[in-house]
Amino acid sequence: MPNLDDILEHIGEFDLFQKQVFFVLCFVSAAFTPIYVGVVFLGFTPKHRCLSPGVAELSSRCGWSLEEELNYTVPEQGRHGESFSSQCRRYNVDWNTTGLGCINPLENFTVYGNRSSIPLTPCQDGWVYSSSGSSIVTEFNLVCEDSWKVDLFQSCVNAGFFLGSVYIGYIADRFGRKLCLVVTILVSAISGVLLAFAPSYLWMVIFRFLQGLVSKGSWTAGYILITEVVGPSHRKTVGILYQVAFTVGLLLLDGVAYAIPHWRWLQLAVTLPCFLLLFCYWCLPESPRWLISQKQNDKAMKIVNYIAKKNGKKLPAHFQNINLEEEGGEKLSPSFMDLVRTPQMRKHTFILMYNWLTSALLYQGLIMHMAMAGGDMYLDFFYSALVEFPAAFIIILTINRIGRHYPWAVATLVAGAACLIMALIPEDIHWLKVTVGCIGRMGITVSFAMVCFVNTELYPTFLRNLGVMVCSSLCDVGGILAPFIVYRLAEIWHELPLIVFAVVGLIAGGLVVLLPETKGKILPETIEDVENLHRQENPREKIIYLHVQTQEVAH
């Protein structure tokens, strides 16, 4: 009996029907962007200083410029660490004292004109921010002793990704791709709107966590659906282009954030259009592959006939039934111990886990660090997003020509080296710093896509889904760690996060070299096949396409 791939060869592997489905699902991919990296704009921390009662009145009476006001009333930088005293401490003096002069008013409170003798106190009356817009930082005063709460805000969405990946995968397998897609879009959109109206920091974190629980599931459900309705010769290319739609979302997010510099309105602007994606329920079919797996061949054949009609093709008479391909021989049950039981499996598992963590850590970390580099946040974000387009071109160009092994290793090493070079470039050569950062961003984008592909190719069939799920879960762990590494270590030394990223990236690139090349090799069916992968010197040239569900992870 024919299988679905045989039928798609006759009715169109990527014709009008598949292109329409792909176009609709690209909006799902782009809509994931504000959730994944939106903290760059929602949690932007502008320059700030303590609000000191009486300073505004004294400044107005004396006619000071802003520079004079800062010079006379704000503690000098460097006393308790770079920028800390000027941003998180104020002089413990009464600026409403009568008789204060307009020239060096602190002389009234000093001994022999020595400012260092004036005691400092925390910002008890709030802060003054230099930005005309607003962010969660300026509204909830998430600075100084509370600055870690910005890290938690971003980490909680990654924690949601981590916990949600398990049950969302179950929903997609149990109730279908389309229903899973629509439900997760709905819950994510509602959570996003509630986030925009959150009355407190606690509620904001709760709604952000809820978004994380479902939003990655909607992206993954869309990825699975589009790869299951196209033919095998287009599957990898469509998967890459689906991720390119995420890159388009980055550019759109940057433009919207520039136009709307107020976080609540920005959150609404990027969330409300998501409700339009609910029309996917009427625009998209259920995956015929999923229907086949549920023994619903009649419904699958109806969709197949619709695809043929939409593509202007006629289903041959002898293709009237579809069967689900089943592996012959004994059915094997996967276990976690199988991932580490034998030497090669153990090596593959640990290297893949480390590279998943590295990819997410460097990808999110570079985005966040470049946003706080001191230049134009919107332009820097725009430039670094643009480089993901040539990254996708490199992947398409090399994956079936050169292979996975060397492009992946080189891309990861380039990303790590770029982080190290960025740390050594002086702050006043900002353009060079951004250029090198963009090269690093391109490298880690290639690396992220490669780990998705290779992960599925290094495990035997009965362990493939479990292996991808376990290894890719480290991606979310990397996302949880990224904001703490970027924002906390930057308080010690602004370039210290880049040093950490460089070390992590260079180690990851070196470990990739230890993995076997999978280009042209037959997908392993057993653990023994995996153990023999590195011994295959002259593999039979044959491109293999997956017929199983794999949990791909977004950038």
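Both backbone and side-chain heavy atoms feed into the values below; hydrogens, waters and symmetry mates do not.
- With Asn355 contributing its side chain and Ile351 its backbone, the two residues share a donor-acceptor pair below 3.5 Å.
- Checked by atom type and distance alone, the side chain of Thr445 never pairs as donor or acceptor with a backbone atom of Ala391 at under 3.5 Å.
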Step by step, would you call Gln243 with Glu388 a side-chain hydrogen bond (donor to acceptor under 3.5 Å, both in side chains)?
-> CA-CA 10 Å; Gln243 297 184 50; Glu388 293 198 11; over 6 Å; no
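- The line from CD of Gln344 to CG of Leu458 is 10.0 Å long, rounded to the nearest 0.5 Å.
- Side chains of Glu528 and Thr342: no donor on one and acceptor on the other come within 3.5 Å.
- When each of Val513, Val512, Thr398 is tested with Trp408 by the rule side chain to side chain contact (heavy atoms under 4.5 Å, CB included), just one qualifies, namely Val512.
- Here Asp151 contributes atom CG and Ile480 contributes atom CD1; the two are 12.5 Å apart, rounded to the nearest 0.5 Å.
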Taking it one step at a time, do Leu361 and Ile485 satisfy side chain to side chain contact (heavy atoms under 4.5 Å, CB included)?
-> CA-CA 9 Å; Leu361 185 63; Ile485 292 176; 3.7 Å; yes
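- The 12-atom threshold is exceeded at CZ of Phe275, counting heavy atoms of other residues, nucleotides or ligands nearer than 6.0 Å.
- Within the 4.5 Å cutoff, the side chain of Gln154 has heavy atoms near those of the Asn158 side chain.
- Residues Ile240 and Thr237 are not in side-chain contact: their nearest non-hydrogen atoms beyond the backbone lie 4.5 Å or more apart.
- Residues Tyr36 and Thr33 have side chains not in contact (no heavy-atom distance under 4.5 Å, counting atoms from C-beta outward).
- Rounding to the nearest 0.5 Å gives a distance of 8.5 Å between SG of Cys419 and CG of Leu506.
- For the atom pair CZ of Phe161 and OG1 of Thr220, the computed distance is 9.5 Å after rounding to the nearest 0.5 Å.
- Annotation: Trp148 is not in aromatic contact with Tyr487 [ring centroid separation under 6.0 Å not met].
- In this structure a side-chain-to-backbone donor-acceptor pair under 3.5 Å is present from Arg404 to Ile399.
- The two residues Val40 and Ala371 come nearest to each other via the heavy atoms CG1-CB, 3.4 Å.
- With 3.5 Å as the limit, one finds a donor-acceptor pair spanning the side chains of Gln267 and Thr271.
- Dense packing is recorded around CZ of Arg346, with more than 12 heavy atoms of other residues, nucleotides or ligands lying under 6.0 Å away.
- Note that Lys149 lies outside the cation-pi zone of Phe140, set by a 6.0 Å cut-off to the ring centre and a 45° limit from the axis.
- Put simply, the side chain of Val248 reaches to within 4.5 Å of the side chain of Phe389, judged on heavy atoms.
- Heavy-atom minimum distance, Ala392 versus Val244: CB-CG2, 3.4 Å.
- Of the candidates Arg177, Lys178, Arg235, Arg177 is the only one forming a salt bridge (charged side-chain N to carboxylate O under 4.0 Å, His left out) with Glu228.
- You'll find the side chain of Asp476 reaches within 4.5 Å of the side chain of Lys216, heavy atoms only.
- For Leu42 against Trp263, the heavy-atom pair with the smallest separation is CD2-O, 3.8 Å.
- Atom OH of Tyr378 has more than 12 neighbouring heavy atoms from other residues, nucleotides or ligands inside a 6.0 Å radius.
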Residue pair Ser147, Glu491: steps toward the side chain to side chain contact (heavy atoms under 4.5 Å, CB included) verdict = CA-CA 10 Å; Ser147 59; Glu491 291 187 352; 3.3 Å; yes
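- Around atom CZ of Phe381, more than 12 heavy atoms belonging to other residues, nucleotides or ligands sit under 6.0 Å away.
- For Tyr383, the OH atom sits in a loose shell: 12 or fewer heavy atoms of surrounding residues, nucleotides or ligands are nearer than 6.0 Å.
- Atoms CD1 and CG, from Ile527 and Leu339 in turn, are 8.5 Å apart once rounded to the nearest 0.5 Å.
- By the 4.0 Å N-to-carboxylate-O rule, Glu139 lies close enough to Arg264 to be salt-bridged with it.
- You'll find the side chain of Trp290 stays beyond 4.5 Å of the side chain of Leu225, heavy atoms only.
- Residues Tyr242 and Phe246 keep their aromatic ring centres 6.0 Å or farther apart.
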Evaluation steps, side chain to side chain contact (heavy atoms under 4.5 Å, CB included), between Trp356 and Phe448 = CA-CA 7 Å; Trp356 273 109; Phe448 221 142; 3.8 Å; yes
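- Judged purely by atom type and a 3.5 angstrom limit, Ser447 has no side-chain atom pairing as donor or acceptor with the backbone of Thr412.
- In this structure, the side chain of Arg208 engages the main chain of Ile35 through a donor-acceptor pair within 3.5 Å.
- Put simply, the side chain of Met372 does not reach to within 4.5 Å of the side chain of Thr45, judged on heavy atoms.
- When all heavy atoms are compared, the tightest approach of Val451 to Ser359 is CG1-OG, 4.2 Å.
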Please step through side chain to side chain contact (heavy atoms under 4.5 Å, CB included) for the pair Cys438 and Val434, ending with a clear verdict.
-> CA-CA 6 Å; Cys438 289; Val434 172; 4.2 Å; yes
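- Nearest heavy atom pair, residue Pro273 against residue Val270, reads CD-C, 4.0 Å.
- A salt bridge links Lys433 with Glu495: at least one charged nitrogen is closer than 4.0 Å to a carboxylate oxygen.
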Cut-off 3.5 Å, no hydrogens considered: what does the side-chain donor-acceptor table look like for residues 179-199, sequence neighbours left out?
from	atom 1	to	atom 2	distance (Å)
Thr184	OG1	Cys180	O	2.7
Thr184	OG1	Leu181	O	3.0
Ser191	OG	Val187	O	2.9

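- Of the inter-residue distances, the one linking Leu474 atom CG with Met353 atom CE reads 4.0 Å to the nearest 0.5 angstrom.
- Between the side chain of His369 and the backbone N or O of Gln364, no donor-acceptor pair lies under 3.5 Å.
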Using the ring-ring contact (aromatic ring centres under 6.0 Å, His included) rule, take Tyr223 and Phe32 through it: C-alpha gap first, then chi angles, then the decisive distance, then the call.
-> CA-CA 12 Å; Tyr223 182 94; Phe32 182 56; over 10 Å; no
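- Two residues are said to be in side-chain contact when any heavy atoms from C-beta on lie closer than 4.5 Å; Pro497 and Met368 fail this criterion.
- Panel note: side chain His405, backbone Pro516; no donor-acceptor pair is recorded below 3.5 Å.
- Summarising the geometry of Cys274 relative to Ala31, their closest heavy-atom pair is SG-CB, 3.9 Å, with the distance given to 0.1 Å.
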